[in-house]
Amino acid sequence: MIYLDNSATTKPFKEVIDSFTKVASSYYGNPSSLHQMGGQAEKLLSQAHSQIAKLLGVKTNEIVFTSGGTEGNNLAIKGIAMEHRKRGKHIITTEVEHDSVRNSFKQLEELGFDVTYIPVDAEGRVNSLDVEQAIRFDTILVSVIHINNEVGTIQPIREIGRLLKDYPKIYFHVDHVQGVGKLPLNFYECGIDLCTISGHKFHGLKGTGALFIRDGIKISSLLSGGGQETERRSGTENVAGMVAMAKALRMTLDLREQKFAQLTEILGTIKSGLKQLPDVCIHSPEENSAPHILNFSIKGIKSEVFVHALEEKGIYVSTTSACSSKRNAPSKTLLAMGVPVEQAERAIRISLSYENTMQEAEILIQAVSESVKRLREVMN
């Protein structure tokens with residue numbers, strides 16, 4: 001089996017599962033409880049906060065634990081919008097955001113907020129000057145994804161952050177879900193105020209995540225309750241999951257140091273192999289693109305048909321993002337890039353992890369070639 005759908009989710013490390021099992025079995029007290037078991041759980045939770053903050057290069061009190069990327073994006077966007085709505089109701093994002101961001105903005109529009117959607121070029125990239133030109137006197141938030149989850153385009157986060165320093169009343173949120181563990185991102189140097197990560201994207205467990213909220217920033221909470229996570233995210237904390245996420249992040253960052261060059265080489269080999277096949281169109285940019293995501297389409301072959309053809313050979317890839325794949329609709333990102341509808345409907349996404357090998361890349365290229373040939377014969 002060759003798993004190439006790591007942007008949808010990754011296989012948890014064995015050590016991560018072991019950590020979760022140990023904490024869940026032996027330290028299952030509620031961290032809000034006053035007794036010894038509660039105190040033990042609270043200590044482990046505090047350590048997880050500190051460890052993740054240190055790995056991300058931020059302060060411990062700037063990390064809020066969440067259930068993943070979707071909650072983190074919702075909390076950041078709606079939390080800022082609702083907290084600062086008296087100052088302004090204009091917010092800015094791009095046309096190529098993840099659905100958790102896109103739909104958060106759509107909901108805010110229904111509540112009376114005015115949203116500007118910044119267009120992208122043929123590579124799926126926004127121009128920082130377009131962001132600046134969209135700013136108004138009542139703008140309170142800009143939200144931009146770091147690495148696009150469908151095609152891998154890297155957005156100019158540093159440039160946008162620098163220009164926003166001239167607008168200190170505007171908050172800057174970054175969806176770093178696909179970037180963490182792959183591309184370094186200095187939150188402070190890039191002027192980021194809020195940043196989202198998700199544990200299951202870097203070999204942690206589903207249902208774990210974190211939101212960076214720069215010290216001093218106030219947001220409205222989405223979940224009312226006991227005031228956990230310094231009253232920013234109520235609910236009994238998933239102690240075992242967060243301890244496991246801290247371990248997963250540390251292990252992933254260690255692997256980045258060891259295997260980043262290998263990862264880019266593997267993706268380059270796949271890209272070169274696909275380019276040699278007839279009727280294959282690569283949609284991911286040649287430059288300033290993620291080292292682990294490749295998006296392409298094959299003329300005349302539906303994406304879902306091709307996904308299942310590769311599955312028969314034990315190879316797992318995807319169409320668009322996992323959140324959108326079952327809708328059987330063309331990729332919004334590709335359409336925003338100007339890709340024709342017939343190509344956008346046939347998009348395939350390959351996404352790697354540090355565990356993939358060059359041998360798997362070679363097997364994939366051969367399998368794609370054979371599958372295209374077989375499907376062409378069936379169609380004819």
Side-chain angles (χ1 to χ4, degrees), residues 7-8 66-121 124-127 130-131 133-136 138-151 153 155 157 160 164 170-178 192-198 201 209 211 213 219-224 232-233 319-339 341 344-345 347:
S7 285
T66 68
S67 63
T70 292
E71 185 190 342
N73 286 335
N74 273 260
L75 176 57
I77 294 165
K78 296 174 185 176
I80 287 292
M82 300 310 294
E83 179 70 23
H84 302 278
R85 64 188 183 279
K86 292 182 180 179
R87 183 165 54 80
K89 286 193 172 184
H90 180 237
I91 48 184
I92 298 172
T93 190
T94 81
E95 293 183 347
V96 293
E97 298 298 310
H98 185 271
D99 278 349
S100 61
V101 170
R102 181 194 304 272
N103 290 332
S104 291
F105 276 86
K106 293 296 184 184
Q107 283 187 309
L108 288 173
E109 282 186 286
E110 295 174 359
L111 295 175
F113 286 83
D114 189 7
V115 181
T116 296
Y117 296 92
I118 305 297
V120 296
D121 60 20
R125 190 170 291 109
V126 299
N127 188 320
D130 290 339
V131 175
Q133 290 175 1
I135 292 174
R136 305 185 331 203
D138 58 342
T139 304
I140 59 173
L141 173 68
V142 173
S143 180
V144 180
I145 196 168
H146 180 206
I147 292 178
N148 181 268
N149 55 301
E150 294 187 54
V151 300
T153 303
Q155 300 296 351
I157 298 301
I160 296 172
L164 288 177
I170 299 176
Y171 297 103
F172 185 28
H173 167 248
V174 174
D175 177 348
H176 188 39
V177 167
Q178 292 295 338
I192 297 170
D193 297 305
L194 307 102
C195 192
T196 309
I197 68 171
S198 180
K201 304 294 188 180
L211 176 65
I213 305 175
I219 65 169
S220 292
S221 61
L222 299 185
L223 302 176
S224 301
R232 293 175 290 187
R233 199 273 187 182
T319 53
T320 57
S321 67
C323 298
S324 306
S325 60
K326 292 185 178 180
R327 298 176 194 164
N328 198 25
S331 162
K332 293 185 180 71
T333 295
L334 292 177
L335 293 178
M337 292 165 58
V339 174
V341 174
E345 290 176 336

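Below, each value reflects all heavy atoms present in this structure, side chains not excepted, and no hydrogens, waters or symmetry copies.
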- Item | Least distance between heavy atoms, Ile192 atom then Cys195 atom | CG2-CB, 3.9 Å
- Item | Residues which pass side-chain hydrogen bond (donor to acceptor under 3.5 Å, both in side chains) with Glu95, listed by chain and number, not counting sequence neighbours | none
- Note on the structure: Rounding to 0.5 Å, atoms CE (Met337) and OG1 (Thr153) come to a distance of 5.5 Å
- Message: Is the shortest side-chain heavy-atom distance between Glu345 and Val341 below 4.5 Å?
- Response: yes
- Message: Can you confirm whether Tyr171 sits close enough to Ile213 that some side-chain heavy atom of one is under 4.5 Å from a side-chain heavy atom of the other?
- Response: no
- Task: Side-chain contact test, heavy atoms from C-beta onward, threshold under 4.5 Å: evaluate it for Ile77 versus Leu108 and give yes or no.
- Result: yes
- Message: Between Asn74 and Ser104, does the side-chain hydrogen bond (donor to acceptor under 3.5 Å, both in side chains) criterion hold? Intermediate values first, please.
- Response: CA-CA 6 Å; Asn74 273 260; Ser104 291; 3.1 Å; yes
- Query: Do you know which of Thr116, Ile92, Leu141 makes side-chain contact (heavy atoms from CB on, under 4.5 Å) with Phe105?
  - Reply: Leu141
- Does the pair Ile145 and Val101 meet the rule for a side chain to side chain contact (heavy atoms under 4.5 Å, CB included), with working shown? CA-CA 9 Å; Ile145 196 168; Val101 170; over 6 Å; no
- Message: Assess the residue pair Gln155 and His146 against the criterion (side chain to side chain contact (heavy atoms under 4.5 Å, CB included)); give the C-alpha distance rounded to whole Å, side-chain angles, the decisive distance to 0.1 Å, and a yes or no.
- Response: CA-CA 5 Å; Gln155 300 296 351; His146 180 206; 5.8 Å; no
- Task: To the nearest 0.5 angstrom, please state how far the CG atom of Leu75 sits from the CG atom of Leu222.
- Result: 5.0 Å
- Query: What salt bridge (Lys or Arg N to Asp or Glu O under 4.0 Å) pairs are there with at least one residue in residues 70-90, not counting sequence neighbours?
  - Reply: Glu71-Arg233
- Task: Grab the two heavy atoms, one from Ile140 and one from Gly88, that are nearest each other, plus how far apart they are.
- Result: CD1-O, 3.2 Å
- Between Ser331 (side chain) and Leu334 (backbone), is there a donor-acceptor pair under 3.5 Å? yes
- Query: Could you walk me through whether Leu164 and Ile135 pass the side chain to side chain contact (heavy atoms under 4.5 Å, CB included) check?
  - Reply: CA-CA 10 Å; Leu164 288 177; Ile135 292 174; 3.8 Å; yes
- Query: Is there a donor-acceptor pair under 3.5 Å between the side chain of Gln178 and the backbone N or O of Ser7?
  - Reply: yes
- Identify which one of Val96, Thr94, Thr93 satisfies the side-chain contact (heavy atoms from CB on, under 4.5 Å) criterion when paired with Tyr117. Thr93
- Query: Is the closest side-chain heavy-atom distance between Ile219 and Leu194 below 4.5 Å?
  - Reply: yes
- Note on the structure: In short, Thr196 meets Gly69 closest at the heavy-atom pair CG2-O, 3.6 Å
- Donor-acceptor under 3.5 Å (Asp175 side chain, His98 main chain): no
- Message: Just verifying a value: how many Å separate Asp193 CG and Phe172 CZ, rounded to the nearest 0.5 Å?
- Response: 8.5 Å
- Is there a side-chain contact between Arg232 and Leu211, using heavy atoms and a 4.5 Å cut-off? no
- Going by the side-chain hydrogen bond (donor to acceptor under 3.5 Å, both in side chains) test, name the single residue among His173, Arg102, Glu97 that passes it with Ser143. His173
- Query: Roughly how far, to the nearest 0.5 Å, is the OG1 atom of Thr139 from the CD1 atom of Ile170?
  - Reply: 5.0 Å
